Amino acid sequence: MPFTLATWNINSVRLRAGLVERLLREEAPDVLCLQECKSPVDKIPVEAFEALGYVHRVARGQKGYNGVAILSKIPLRETGSFDFAGLGHARHVAAELENGVTVHNFYVPAGGDKPDRTINEKFGQKLDYVSEMRDHFRDSRPEKAILVGDLNIAPREDDVWSHKQLLRVVSHTPIEVDHLNAAQEAGSWVDVTRADIPEGPLYSWWSYRSPDWDAADKGRRLDHVWASPDIAGAAHSSRILRSVRGWDQPSDHAPVFATFDL
């Protein structure tokens, strides 16, 4: 039976609860993974989501920062969370759907402004976090699994508006790309979005700093959907819902969708 999954950095689930409701009404994914919820779990406005049929959920939260949640129409059970790099942050939660698929929802650290761990602790934390993702999936190879989230790295040249200009900008530096590629390779993860849309510019984030983000189109593909190789062939219909970036008081990210025939 097919199911559709979406991932979206919401940048405050309480501030933008209405946008989440709109997405659930208009697009109705079976599973919605949210990042940067910026809310303790008990403060997430679940009643509004439950009214739309999303009665199943798992979440990790903290006040004002980070936070991840999985909202689902499909029954699920929580399978745990990782604290990679020992940061004590709510950056991962996992759940198994009733069809046996495990969904990992990640919010990788952004990494600060300077791509140099000797002067920027946050950049070092980001690299360490992704390295521990690599080590985990190397030692525990994923099966029947989907990994989604704001990974805060745009790996390909056509995942950014200007490869040359962003080579020294956090999110597209060679060391970050190498770390992300190593994590992907360690688990033999398949980049579902690029398997469906193999060529051409593709972005899921546009800065708030741009006065006309749509016309300038200086985007980056920071949000990803990966699948373990045993189910990657069942994925199709990938898309980034760019129009959501233009909603009133939007997140700076747009949701990414994929459908799986499982």
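Along the sequence shown, residues carry numbers from 1. Treat the numbers as computed from the prediction; the structure is a model and nothing was measured.
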Check: Would R220 count as a cation-pi partner of Y203, with NZ or CZ less than 6.0 Å from the six-membered ring centre and within 45° of the ring normal?
Finding: no
Next item on the list: Measure from NZ or CZ of R221 to the centre of the six-membered ring of W205 and say whether it is under 6.0 Å with the direction within 45° of the ring axis.
Entry: no
State yes or no: do [X] and [Y] share one hydrophobic cluster built from I, L, V, M, F, W and Y residues joined by side-chain heavy-atom distances below 4.5 Å, directly or via other members?
X: L24; Y: V256; result: no
X: I175; Y: V170; result: yes
X: Y54; Y: I74; result: no
X: L180; Y: L222; result: no
X: L97; Y: V93; result: yes

[X] atom [atom1], over 12 foreign heavy atoms within 6.0 Å:
X: K73; atom1: NZ; result: yes
X: R209; atom1: CZ; result: no
X: E143; atom1: CD; result: no
X: D113; atom1: CG; result: no
X: E26; atom1: CD; result: yes
X: D248; atom1: CG; result: no
X: E78; atom1: CD; result: yes

Minimum heavy-atom separation for [X] and [Y], please, with both atom names.
X: P155; Y: H224; answer: CD-CE1, 3.6 Å
X: V41; Y: G61; answer: CG2-N, 3.5 Å
X: A216; Y: S210; answer: CB-OG, 3.8 Å
X: I10; Y: C37; answer: CG2-CA, 4.3 Å
X: A145; Y: I231; answer: O-CD1, 3.5 Å
X: G246; Y: W213; answer: N-CZ2, 3.6 Å

Without swapping roles, check the side chain of [X] against the backbone of [Y] for a donor-acceptor pair under 3.5 Å.
X: H236; Y: G233; value: no
X: Y107; Y: A90; value: no
X: R91; Y: F106; value: no
X: K126; Y: N152; value: yes
X: D230; Y: K144; value: yes
X: D252; Y: S207; value: no
X: D196; Y: S237; value: yes
X: W8; Y: H253; value: yes
X: R168; Y: T173; value: no
X: H172; Y: A154; value: yes

Please tell me whether [X] and [Y] have a donor and an acceptor in their side chains that are separated by less than 3.5 angstrom.
X: Q35; Y: N105; result: yes
X: S238; Y: T193; result: no
X: S188; Y: R141; result: yes
X: K38; Y: N11; result: yes

Could you give the distance from [atom1] ([X]) to [atom2] ([Y]), rounded to the nearest 0.5 Å?
X: S72; Y: F49; atom1: OG; atom2: CZ; answer: 14.0 Å
X: S39; Y: N66; atom1: OG; atom2: CG; answer: 12.0 Å
X: T259; Y: F3; atom1: OG1; atom2: CZ; answer: 9.0 Å
X: D150; Y: S204; atom1: CG; atom2: OG; answer: 7.5 Å
X: L71; Y: E50; atom1: CG; atom2: CD; answer: 9.5 Å
X: D223; Y: I240; atom1: CG; atom2: CD1; answer: 7.5 Å

Pairwise side-chain contact, [X] with [Y], heavy-atom cut-off 4.5 Å (strictly under):
X: V108; Y: M133; value: yes
X: V169; Y: P115; value: no
X: L5; Y: D30; value: no
X: H104; Y: H92; value: yes
X: V103; Y: C33; value: yes
X: L23; Y: V20; value: no
X: L151; Y: W226; value: yes
X: F257; Y: L32; value: no

Margin query: Parallel, tilted or perpendicular: which one describes the rings of Y129 and F84, with boundaries at 30° and 60°?
Written below: perpendicular
Checklist line | Plane angle bin for H136 and F82 - parallel if under 30°, tilted between 30 and 60°, otherwise perpendicular | finding: tilted
Item checked: Test side-chain contact (heavy atoms from CB on, under 4.5 Å) applied to W247 and R22, step by step -> CA-CA 10 Å; W247 289 359; R22 179 176 173 182; 3.3 Å; yes
Item checked: W206 and its side chain to side chain donor-acceptor pair (under 3.5 Å) partner, picked from D217, D214, D212 -> D217
Item checked: Check against side-chain contact (heavy atoms from CB on, under 4.5 Å), V68 and L34 -> CA-CA 6 Å; V68 287; L34 298 173; over 6 Å; no
Charged N-O contact under 4.0 Å between [X] and [Y]:
X: E185; Y: R134; value: no
X: D159; Y: R194; value: yes
X: K114; Y: D116; value: no

Next item on the list: Any chance you could lay out the salt bridge (Lys or Arg N to Asp or Glu O under 4.0 Å) test for R156 and D191, step after step, and finish with the verdict?
Entry: CA-CA 11 Å; R156 293 180 22 159; D191 181 344; over 6 Å; no
Next item on the list: Any chance you could lay out the salt bridge (Lys or Arg N to Asp or Glu O under 4.0 Å) test for E157 and K164, step after step, and finish with the verdict?
Entry: CA-CA 9 Å; E157 292 188 16; K164 183 177 180 180; over 6 Å; no
Margin query: Using the rule given for side-chain hydrogen bond (donor to acceptor under 3.5 Å, both in side chains), can you reason through E176 versus S171, listing the C-alpha separation, both sets of side-chain angles and the distance that settles it, and then say yes or no?
Written below: CA-CA 7 Å; E176 291 171 274; S171 76; 5.7 Å; no
